[in-house]
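Here is the structure we will look at, set down as structure tokens.
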Amino acid sequence: MLDRQLLRTDPDLVRSGASRKGIEVDVESYLRLDEEYRALLTDLQAKQAQSNQDSKAIGQLMAAGNAVAAEAAKASMKDLKAAIATGEERQRELEAKLQAMELQFPNLPHESVPDGFSEEKNQIIRDWGDIPQFDFEPKPHWDLAENLGLVDFPRASKISGSGFAVYTGWGARLQRALITFMIDHQTMQNGYAEVYPPYLVNAASLVGTGQLPKFEEDLYKADEDLYLIPTAEVPVTNLHRDEILEVYQLPMRFAAYSGCFRKEAGAAGKDTRGLLRMHQFDKVELVKYTLPENSYDELETLLSDAESILRLLGLHYRVTLLCAGEMSFSNAKCYDLEVWSPGVGRYLEISSCSNFEAFQARRANIRFRRAQGEKPEFVHILNGSGLATPRLFAAVLETYQQPDGTVVVPEPLRPLIGSDLFER
RNA sequence: GGAGAGAUGGCUGAGUGGUCGAAAGCGCCCGCCUGCUAAGUGGGUAAGGGGGAAACCCCUUCUCGGGUUCGAAUCCCGAUCUCUCCGCCA
């Protein structure tokens, strides 16, 4: 959600920011409604003030025992009451409309974000390590996993359908080791507070982070007003919804492991092989609440915290800065982390680290106060994956595969797995 | 799932349908006082919104949504959440 004041004072900025994302917004209709709303409110409030005064006067007449005069005063309030009732109804209507429109305006791209509407316009910021070279043809992870008995895709389709995986034996153990490794590293080395959230959340939480009302079709709905989380970002960002924090509490940094559930509607056919795009997957998510003036510095450390996992595991990757048109609805600035997948022969998006500025905080009503007596301000909220397991699982298998089809376990995972080699 | 109790400001906790945005206490802030600290003492301490250059004025909010009434924290209906007991259960 954008600042109402900004919409009023600088609609051009909103229009041009949205158009950089390739979104047309109708600020004029919004402002027209807003104007009507404020005029109505001023008028309505004057009537309410009058009504409050009259009611008090009646109370005084009653107290003085002047019942006749009180009855007369009651009768003369009829018209005023009726006018207030219709005014209030109109107010509710306008409020609902304005709010619905506000939720449709996308966040504006930060000035450091490049223009563009396609992948080619993303900027490659840096890469780490070298593309691993093989003196044999590297296999894709689905072959490796199947040959080594780490993942059972056919049975996953049998029991759940496409887009699911059953991790078996050492595969299950690798999966669990990756999660433990990531959550331990982020909490114990990088200073995040661990959170283990619910997997089902109500609609208000999804509005807070921006999945609703626009993206309902991407979500699994479990019940009336209960949805499966598409990411731990949703419950964790909403932890302090409708709260006013003390300035000394900031920044808050959370790391949460959770399962994630996405319909991935419309994604059929693309990147669906193996573990690349799942309806259910696991992820360690990093979320920060920061002071507005620090959020861009915090974005850089968030990014390097996510990167640290890939470095420790020795996986080649690169960092890209998304162009405006490639960014999501809620983003002000977003880096993607892409890990190299030798078997697929491509970089795979494995993390997005984003600054939402006050966009989510405004929706979720998360504020802080700089000092006693001052007006509360919205915090800035950032998040990033640190990281998602299926693609990490895939990159580990493909990067560490041997000519004989075995896979060497990366050093940091060996104590957790209790083995240094996956073999048949 | 069944039965009952409850939800008030940062916290605890009063509140008879009328001057209650709400007693009192705690906490916090600003003074005063006191070698220091503690204690004492005076005052101030919710959020959102509208108007205004400002001082300030006004509106809304006592979980939420409806209703009764000239007037609701208070009465009625519904929802949500919490607690207690029973049942079921990893």
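Residue numbering restarts at 1 for every chain, and letters A, B, ... go by the order of the sequence lines. Excluded from the calculations below are hydrogen atoms, water molecules and symmetry mates; all remaining heavy atoms, backbone and side chain alike, are included. The structure presented is a predicted model; accordingly, all values stated were derived computationally and were not measured.
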Please write out each protein N/O paired with an N/O of nucleotides 70-75 of chain B under 3.5 Å, distance rounded to 0.1 Å.
| from | atom 1 | to | atom 2 | distance (Å) |
| --- | --- | --- | --- | --- |
| rC70(B) | O2' | Ser55(A) | OG | 3.0 |
| rG71(B) | OP1 | Lys81(A) | NZ | 2.4 |
| rG71(B) | O4' | Ser55(A) | OG | 3.4 |

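Between Lys121(A) and Asp115(A) there is no salt bridge, since none of the side-chain N atoms of the basic residue sits less than 4.0 Å from a carboxylate O of the acidic one. By the 4.0 Å N-to-carboxylate-O rule, Arg92(A) lies too far from Glu89(A) to be salt-bridged with it.
Using N1 to N3 plus N6-O4 or O6-N4 for Watson-Crick, or N1-O2 and O6-N3 for G-U wobble, each under 3.5 Å, rG6(B) pairs with rC81(B). Pairing partner, rU60(B): rA47(B), with both Watson-Crick or wobble hydrogen-bond distances short of 3.5 Å. The base-pairing partner of rG40(B), taking Watson-Crick or G-U wobble contacts with both distances under 3.5 Å, is rC32(B). Pairing for rG25(B) goes to rC11(B), judged as Watson-Crick or G-U wobble with the two contacts each under 3.5 Å. Across all strands shown, rC89(B) forms no Watson-Crick or G-U wobble pair with both distances under 3.5 Å.
Going from the P atom of rG10(B) to that of rU84(B) covers 26 Å, rounded to whole Å. Separating the P atom of rA55(B) from that of rC62(B) is a span of 28 Å, rounded to the nearest Å. Nucleotides rA72(B) and rC83(B), compared at atom C1', are 27 Å apart to the nearest Å. The separation of rC70(B) from rG13(B), taken at their P atoms, amounts to 37 Å, rounded to a whole angstrom. To the nearest whole angstrom, the two C1' atoms, one in rG9(B) and one in rA73(B), are 13 Å apart. Nucleotides rU8(B) and rU63(B) have their C1' atoms positioned 10 Å apart, rounded to a whole Å. Remark: the separation of the C1' atoms in rG6(B) and rU74(B) is 16 Å, to the nearest Å. Nucleotides rG2(B) and rC58(B), compared at atom C1', are 50 Å apart to the nearest Å.
Interatomic distance, CZ of Arg173(A) versus CG of Leu413(A), reported as 11.5 Å (0.5 Å rounding).
Across all strands shown, Glu71(A) has no heavy atoms under 4.0 Å from either base or sugar-phosphate atoms. At the heavy-atom level, Lys47(A) lies nowhere under 4.0 Å from the strands shown.
A donor-acceptor pair is defined here as one N or O able to donate and one able to accept, closer than 3.5 Å; no such pair exists between the side chain of Glu243(A) and the backbone of Ile366(A).
Within the structure, the ring-ring contact (aromatic ring centres under 6.0 Å, His included) test picks out the following pairs touching residues 352-377 of chain A (sequence neighbours left out): Phe329(A)-Phe359(A). The stretch residues 12-31 of chain A participates, sequence neighbours left out, in these ring-ring contact (aromatic ring centres under 6.0 Å, His included) pairs: Tyr30(A)-Phe105(A).
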request  = For each nucleotide in nucleotides 50-64 of chain B, reading 5' to 3', give B when a protein heavy atom comes within less than 4.0 Å of its base, S when such contact involves only the sugar-phosphate, and - otherwise.
outcome  = SS------BBS----

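Atom CG in Leu98(A) sits about 19 Å away from atom P in rG48(B), given to the nearest Å. When the P atom of rC11(B) is taken as reference, atom CD of Glu246(A) falls 12 Å away, rounded to whole Å. Between the P atom of rG66(B) and the CD atom of Glu89(A) lies a distance of 11 Å, rounded to the nearest Å. Summarising the geometry, the separation between CD on Glu95(A) and C1' on rG48(B) is reported as 10 Å, rounded to the nearest angstrom.
In this structure Phe281(A) satisfies the ring-ring contact (aromatic ring centres under 6.0 Å, His included) test with no other residue, sequence neighbours excluded. In this structure Phe181(A) satisfies the ring-ring contact (aromatic ring centres under 6.0 Å, His included) test with no other residue, sequence neighbours excluded. Under the ring-ring contact (aromatic ring centres under 6.0 Å, His included) criterion, His185(A) pairs with no residue at all, not counting sequence neighbours.
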Pairs of donor and acceptor atoms involving the side chains of residues 147-155 of chain A, under 3.5 Å and at least two apart or interchain, shall be tabulated with distances.
| from | atom 1 | to | atom 2 | distance (Å) |
| --- | --- | --- | --- | --- |
| Asn147(A) | ND2 | Asp143(A) | O | 3.2 |
| Asp152(A) | OD1 | Arg155(A) | N | 3.0 |
| Asp152(A) | OD2 | Arg155(A) | NH1 | 2.7 |

Residues 5-14 of chain A side chain polar contacts: donor-acceptor under 3.5 Å, at least two apart:
| from | atom 1 | to | atom 2 | distance (Å) |
| --- | --- | --- | --- | --- |
| Arg8(A) | NE | Asp34(A) | OD2 | 2.7 |
| Arg8(A) | NH2 | Asp34(A) | OD1 | 3.0 |
| Thr9(A) | OG1 | Gln5(A) | O | 2.8 |
| Asp10(A) | OD1 | Leu13(A) | N | 3.4 |
| Asp12(A) | OD1 | Arg15(A) | NH2 | 2.6 |

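At the phosphate of rG48(B), OP1 or OP2 sits under 4.0 Å from a side-chain N or O atom of Arg367(A). Taking side-chain N and O atoms only, Arg369(A) has a distance below 4.0 Å to OP1 or OP2 of rA47(B).
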